[in-house]
A.B. asks: 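Structure in structure tokens, see below.
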Amino acid sequence: EREISVWRYLEYLPVKDESKIVSLCEGGTPLYRCKNLEKELGIKELYVKNEGANPTGSFKDRGMTVGVTRANELGVEVVGCASTGNTSASLAAYSARSGKKCIVLLPEGKVALGKLAQAMFYGAKVIQVKGNFDDALDMVKQLAKEKLIYLLNSINPFRLEGQKTIAFEICDQLNWQVPDRVIVPVGNAGNISAIWKGFKEFEMTGIIDELPKMTGIQADGAKPIVEAFKKKAKEIIPYKNPETIATAIRIGNPVNAPKALDAIYSSNGYAESVTDEEIIEAQKLLARREGIFVEPASASSIAGLKKLLDEGIIDKDERIVCITTGHGLKDPDAAIRVSEEPIKIECDMEILKKLLKEL
Ligand SMILES: Cc1ncc(COP(=O)(O)O)c(/C=C/C(=O)C(=O)O)c1O
């Protein structure tokens, strides 16, 4: 499994005992060249790194393979997390594979169907908290403080160690032509921090000699990092009630804010927010122009690209990689809600042929 998984970068990963590795062949995700979108947006070079192609359908698998391996090395029996959905789905899968007990806390009523089904079906103890993600995170942090669980939110550095392999793969897939810019959807801000760390490590070890501008995109109703960036601040002011249809990034108090702001400032990057409508438009554009189906939060990187091109922040000649972070099947309700109703007909060939003409 080593060849195609995150573990092909073993030398860069913090594991002592390889026999303890827990893997579902995560990583090795496609980096799609998007020529139709290049034409549509008038840009030279656009790639989409589709993390929805991971075993449980999001980039979280990269972090969990390393985090749960660490739990294995420590002989931990119970793992846990708070989650907007994808972290819980991934932790449930990796803890099942390694025979551990798993407890996940989700914000009641705000978790996409596919993710809830995964956490339940992999056998985790699924708790719905009458509050938001940040409230749930406070509770699991308390459990960890009392040594009742091993916490695997992205506050756990082993998670970021796995996720930094996104940067390694982008370099390998682009034959070490480093992108000018990498655009990442930002919620708890672990992923943008991890990807930056990956590029820095490849630079420090002489694999690459340039670094991309790290560009974080948040939803208008949950943008503490964007607001800090616009004020060139080092600290965020948390949102009490974050709100967006992109439920994966409906996070008000990102635990990795300092690391994410450092990644954006040090890389001379940027942070911008987009509306829910812009996210849905981008989600449709990516599916209907390039055949890539992602959940709403993932599409915020494409929505952010469009907005920053319009604002003249991003140059049309840049080599750009947008990270799409979760598969569209994670949130089927969101996709159906914004799509044309299916047409119901009798078994009548005339009617069918008439509809065919309207294609
Ligand atoms: C599809 C998708 N896109 C982007 C993000 C934001 O990444 P971070 O900025 O590293 O948090 C998430 C995060 C989800 C959780 O935080 C969780 O599952 O608890 C996501 O699922």
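Numbering of ligands and ligand atoms starts at 1, following listing order.
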A.B. asks: Please indicate whether K125 has more than 12 foreign heavy atoms, meaning atoms of other residues, nucleotides or ligands, lying under 6.0 Å from its NZ.
C.D. replies: no
A.B. asks: Identify the closest protein heavy atom to atom 6 (C) of ligand 1: which residue and atom is it, and at what distance?
C.D. replies: G187 N, 3.4 Å
A.B. asks: Check this for me: does any side-chain nitrogen of one of E38 and R33 sit under 4.0 Å from a carboxylate oxygen of the other?
C.D. replies: yes
A.B. asks: Hey, which atoms in ligand 1 end up nearer than 4.0 Å to a heavy atom of S83?
C.D. replies: 17 (C), 18 (O), 19 (O)
A.B. asks: Quick check on contacts: which atoms of ligand 1 are under 4.0 angstrom from a heavy atom of N188?
C.D. replies: 8 (P), 9 (O), 11 (O)
A.B. asks: Between T325 and E51, does any side-chain donor sit less than 3.5 Å from a side-chain acceptor?
C.D. replies: no
A.B. asks: For atom 19 (O) of ligand 1, what is the nearest protein heavy atom, given as residue, atom name and distance?
C.D. replies: T84 N, 2.9 Å
A.B. asks: For ligand 1, find out whether one of its N or O atoms is nearer than 3.5 Å to an N or O atom of A189.
C.D. replies: yes
A.B. asks: Only heavy atoms of T87, strictly under 4.0 Å: list the atoms of ligand 1 that pass.
C.D. replies: 15 (C), 17 (C), 18 (O), 19 (O)
A.B. asks: When you measure from the side chain of N253 to the backbone of P238, do you find a donor-acceptor pair of N or O atoms at a distance under 3.5 Å?
C.D. replies: no
A.B. asks: Taking distance alone, with no angle check, do Q163 and ligand 1 share an N/O pair under 3.5 Å?
C.D. replies: no
A.B. asks: Tell me: protein heavy atom nearest atom 20 (C) of ligand 1, and distance?
C.D. replies: A248 CB, 3.5 Å
A.B. asks: Which of the atoms in ligand 1, numbered in the order shown and given with their element, are less than 4.0 Å from a heavy-atom of I249?
C.D. replies: 4 (C), 5 (C), 6 (C)
A.B. asks: Pick one: which of Q163, K259, E161 meets side chain to side chain contact (heavy atoms under 4.5 Å, CB included) with K197?
C.D. replies: E161
A.B. asks: Y270 vs F229 aromatic rings, parallel, tilted or perpendicular, using cut-offs 30° and 60°?
C.D. replies: perpendicular
A.B. asks: Less than 3.5 Å apart, any donor N or O on the side chain of Y12 or T205 sitting next to an acceptor on the other?
C.D. replies: yes
A.B. asks: Do any N or O atoms from the side chain of S267 and from the backbone of A263 form a donor-acceptor pair under 3.5 angstrom?
C.D. replies: yes
A.B. asks: Return the orientation label for the F202 and Y9 ring planes: parallel under 30°, perpendicular over 60°, tilted otherwise.
C.D. replies: perpendicular
A.B. asks: Under 3.5 Å, is there a donor on one side chain and an acceptor on the other for R159 and S154?
C.D. replies: no
A.B. asks: Any idea which atoms of ligand 1 are less than 4.0 Å away from a heavy-atom of F133?
C.D. replies: 19 (O)
A.B. asks: May I ask you to list the atoms of ligand 1 that are less than 4.0 angstrom from any heavy atom of G85?
C.D. replies: 18 (O)
A.B. asks: May I ask you to identify the nearest protein heavy atom to atom 4 (C) of ligand 1, giving residue, atom name and distance to one decimal place in Å?
C.D. replies: T325 OG1, 3.5 Å
A.B. asks: Return a yes/no value for K115: is any of its N or O atoms, backbone included, closer than 3.5 angstrom to an N or O of ligand 1?
C.D. replies: no
A.B. asks: Hey, does N86 come in under 3.5 Å of ligand 1, counting only N/O atoms on both sides?
C.D. replies: yes
A.B. asks: Tell me the protein heavy atom at minimum distance from atom 10 (O) of ligand 1, and give that distance in Å.
C.D. replies: N191 N, 2.8 Å
A.B. asks: Just checking, any donor-acceptor pair under 3.5 angstrom between side chains of Y239 and D134?
C.D. replies: no
A.B. asks: For the 3.5 Å polar cut-off, considering only N or O atoms, please tell me whether A297 and ligand 1 meet it.
C.D. replies: no
A.B. asks: Please confirm whether S88 comes within less than 3.5 Å of ligand 1 when only nitrogen or oxygen atoms on both sides are compared.
C.D. replies: no
A.B. asks: Between D61 and S90, is there a side-chain donor-acceptor contact under 3.5 Å, judged purely by atom types and distance?
C.D. replies: yes
A.B. asks: Within the structure, does I251 bring an N/O atom to less than 3.5 angstrom of an N/O atom in ligand 1?
C.D. replies: no
A.B. asks: If you measure every N or O of S298 against every N or O of ligand 1, does any of those distances drop under 3.5 Å?
C.D. replies: no
A.B. asks: Show the atoms of ligand 1 that are less than 4.0 angstrom away from any heavy atom in E295.
C.D. replies: 1 (C)
A.B. asks: Specify the protein heavy atom at minimum distance from atom 7 (O) of ligand 1: its residue, its atom name, and the distance to 0.1 Å.
C.D. replies: F59 CZ, 3.4 Å
A.B. asks: Mark up the atoms of ligand 1 that fall under 4.0 Å of a heavy atom belonging to G190, in ascending order.
C.D. replies: 8 (P), 9 (O), 10 (O)
A.B. asks: Are side-chain N/O atoms of K110 and T247 paired as donor and acceptor at under 3.5 Å?
C.D. replies: no
A.B. asks: Is the count of non-hydrogen atoms from other residues, nucleotides or ligands lying under 6.0 Å from Y265 atom OH greater than 12?
C.D. replies: yes
A.B. asks: Which heavy atom of the protein is the closest neighbour of atom 15 (C) of ligand 1, given with residue, atom name and distance?
C.D. replies: K60 NZ, 3.1 Å
